[in-house]
Amino acid sequence: MVDAYIMRAIIAIFILAINAAIAGSFTIFKDITFLVAGAAHAALAGASLAIAISLYTSLYIDPMLGALIFSIMIALMAANARKANVAVAIGFAASMSLAVLFISLIREQASRVWGLLFGDLLLLTLHDIIVMAIATIFILMLVIYFSREFLFISFDSEGAMASGINVKALNYLLLSIIAVSTVIIMKGVGAILVYAMLVAPAAASNEMAKSIMQVFSYAALIALLAGFSGLVISFYFNISPGAIASLIATLIYFVVIMKRR
Amino acid sequence: MHYGEDSLIEAQNISFSYNGNVALRNVTFSIGNEFMVIMGPNGSGKTTLVKIIMGLLKPHGGTIKVFGKSPEKVRDKIGYMPQKENIARHFPIRAIDVVLMGISSKKFIGKEEIKKARDALREVGLEHVWNKPFGRLSGGQQQRIMFARAIAKEPSLIIMDEPFNGVDLPSREKIMNALRRRMRAGTAVVAVLHNINPVLHYVNKVLLLNKEMIAFGKPNEVLTESILQKAYGGSVSVVVCEEGYWHPLIGDTHG
């Protein structure tokens, strides 16, 4: 019988793979991979603000809700800016300043934020898994429904506009989806490693694939391979599964680009 | 429906500015089922005018009607080929998927749409690459696919922004042949071009811009040395070919 926490980690890896395949691929298509790093750090600021508010007022705000709101805010900023990566960079800096400020206000509870910074696949609760799964199903449905539009606006936004697609609204939606995926994966691997897990599988896959469907499926497979290898290795050597998974995902990317040369 | 002398596009005193910088001023023209080329130096407002014709930008002054209506209401009648610089090539979208974008805003693609996309690819001689990633094709092939996308939905008006930039001769010929077939079938064409010479013999109207309308009319009325000098700010030689068309010697230094 597999322990419950291992079972939860296994489910989390599948959730992670779906997000890496969908949101990861679209960060590559939209050429906005930096948003993942920005959204992850904005999430830290949001979570620490939520903890601070809960600590100092009678109001309780779930840190994950704070994380989601802040990461979506940075995504909306990026979608609205003429130079998205610059907006993300500034948002990143502002978020980190806020995170440091809020963490200094919640000293005794700061470890909860550190948990988000590093994450742990083996410490996920059933509640975490349910929230991650529901959010992922929601994302999956949205992306399937808008897949043609999302591809069109990534390929040629002017052409998409000319054919009557509401490019602005869909751009907000797509970048927000990427931000939500970032927060979902962050729960499992932390803010620092989320970039590797969300971007590297899709980036490697994009180099190999000959069609969009292949990008999605190879990215999912790479994320699964990295996730399970991380889990197995961590089990035998007692090291962080997220770190190993991220290392394997980034290693696969480097091998793929070396081979392509 | 046939649009006569001047009822397909009717523009009256159009003006547009970006953050206070005038991009277009007092542009007035009208065309029917014709081939119109928009010419002018870099930054003369050509792309801005195209965007206004398609309803992507709203003019700050004046009025524009396309097919007798406001442009954003007739988008399904327009096939658009954007400048190639604005297209992403870094992910493996297949040629046929690019063409399918032009056909239908429907959620799911059926056999009929796929047939139309394949027909459009055949028209530019690229049916055999339908399955290939767009970004791995040659520059000329990519432009032929973008042209196939513009014609796939059988538009009544084709709008092209610098369609021949970086395009090899055989590809240009394939696009031109397909374009001429469409024109014979009654499709109107508006093209932004730095170099009008490859298409000059088929052009009905030329609109010469330099932030304002310098001239509009039949090619031989517009492409004179004095008018071109006014638009380009330097002397432009014109050569008359055997068929009697006036070819301005510009374009080679651009795009």
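Just so you know, these numbers use all the heavy atoms, side chains as well, and skip hydrogens, waters and symmetry mates.
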query: Ion pair present between B:Lys84 and A:Asp156, side-chain N to carboxylate O less than 4.0 angstrom?
result: no
- request: Mind checking side chain to side chain donor-acceptor pair (under 3.5 Å) for B:Lys115 and listing every partner two or more places apart, or none if nothing turns up?
  value: B:Asp119
- request: Taking the side chain as every heavy atom from C-beta outward, state whether A:Leu151 and B:Phe91 have any atom pair closer than 4.5 Å.
  value: yes
message: Checking A:Phe14 now: which residues fulfil ring pair (Phe, Tyr, Trp, His ring centres under 6.0 Å) with it, not counting sequence neighbours?
response: A:Phe228
statement: Minimal heavy-atom distance between B:Arg75 and A:Ser163, with the atoms involved, is CD-C, 4.5 Å
message: Does any backbone or side-chain atom of B:Arg136 lie under 4.5 Å from a heavy atom of chain A? Answer side chain, backbone, both or neither.
response: side chain
message: What's the separation between atom CD1 in B:Ile87 and atom OG in A:Ser157, rounded to the nearest 0.5 Å?
response: 10.5 Å
- request: Could you have a look at A:Ile28, A:Ile212, A:Val215, A:Asp31 and say which one has the most heavy-atom pairs with chain B under 4.5 angstrom?
  value: A:Ile212
- prompt: If only atom types and distance count, is the side chain of B:Arg149 paired as donor or acceptor with the main-chain N or O of A:Gly159 below 3.5 Å?
  reply: no
- prompt: In terms of heavy-atom pairs under 4.5 Å with chain A, which of B:Ile78, B:Ile93, B:Ile159 leads?
  reply: B:Ile93
field: Where B:Ala88 and A:Ser154 come nearest, the two heavy atoms and their spacing
entry: CB-O, 3.5 Å
Side-chain donor/acceptor pairs under 3.5 Å, residues 47-57 of chain B, sequence neighbours excluded:
residue: B:Thr47; atom: OG1; partner: B:Gln83; partner atom: NE2; Å: 3.1
residue: B:Thr47; atom: OG1; partner: B:Asp161; partner atom: OD2; Å: 3.0
residue: B:Thr48; atom: OG1; partner: B:Tyr18; partner atom: OH; Å: 3.0
residue: B:Lys51; atom: NZ; partner: A:Glu158; partner atom: OE2; Å: 3.2

message: Please classify the contact of B:Met146 with chain A as side chain, backbone, both or neither, using a heavy-atom distance under 4.5 Å.
response: side chain
task: Spell out the residues in residues 126-134 of chain B that have some non-hydrogen atom less than 4.5 Å away from a non-hydrogen atom of chain A, in order of number; otherwise answer 'none'.
output: B:Asn131, B:Pro133, B:Phe134
query: Checking heavy atoms, do the side chain of A:Glu207, its backbone, both or neither come under 4.5 Å from chain B?
result: backbone
message: Restricting to non-hydrogen atoms, name the atom on A:Ala162 and the atom on B:Tyr80 that form the minimum distance, rounded to 0.1 Å.
response: CB-CD2, 3.6 Å
message: Quick check: do A:Arg148 and B:Asp97 have side-chain heavy atoms less than 4.5 Å from each other?
response: no
field: A:Phe29 versus B:His90, closest heavy-atom pair with distance
entry: O-NE2, 2.9 Å
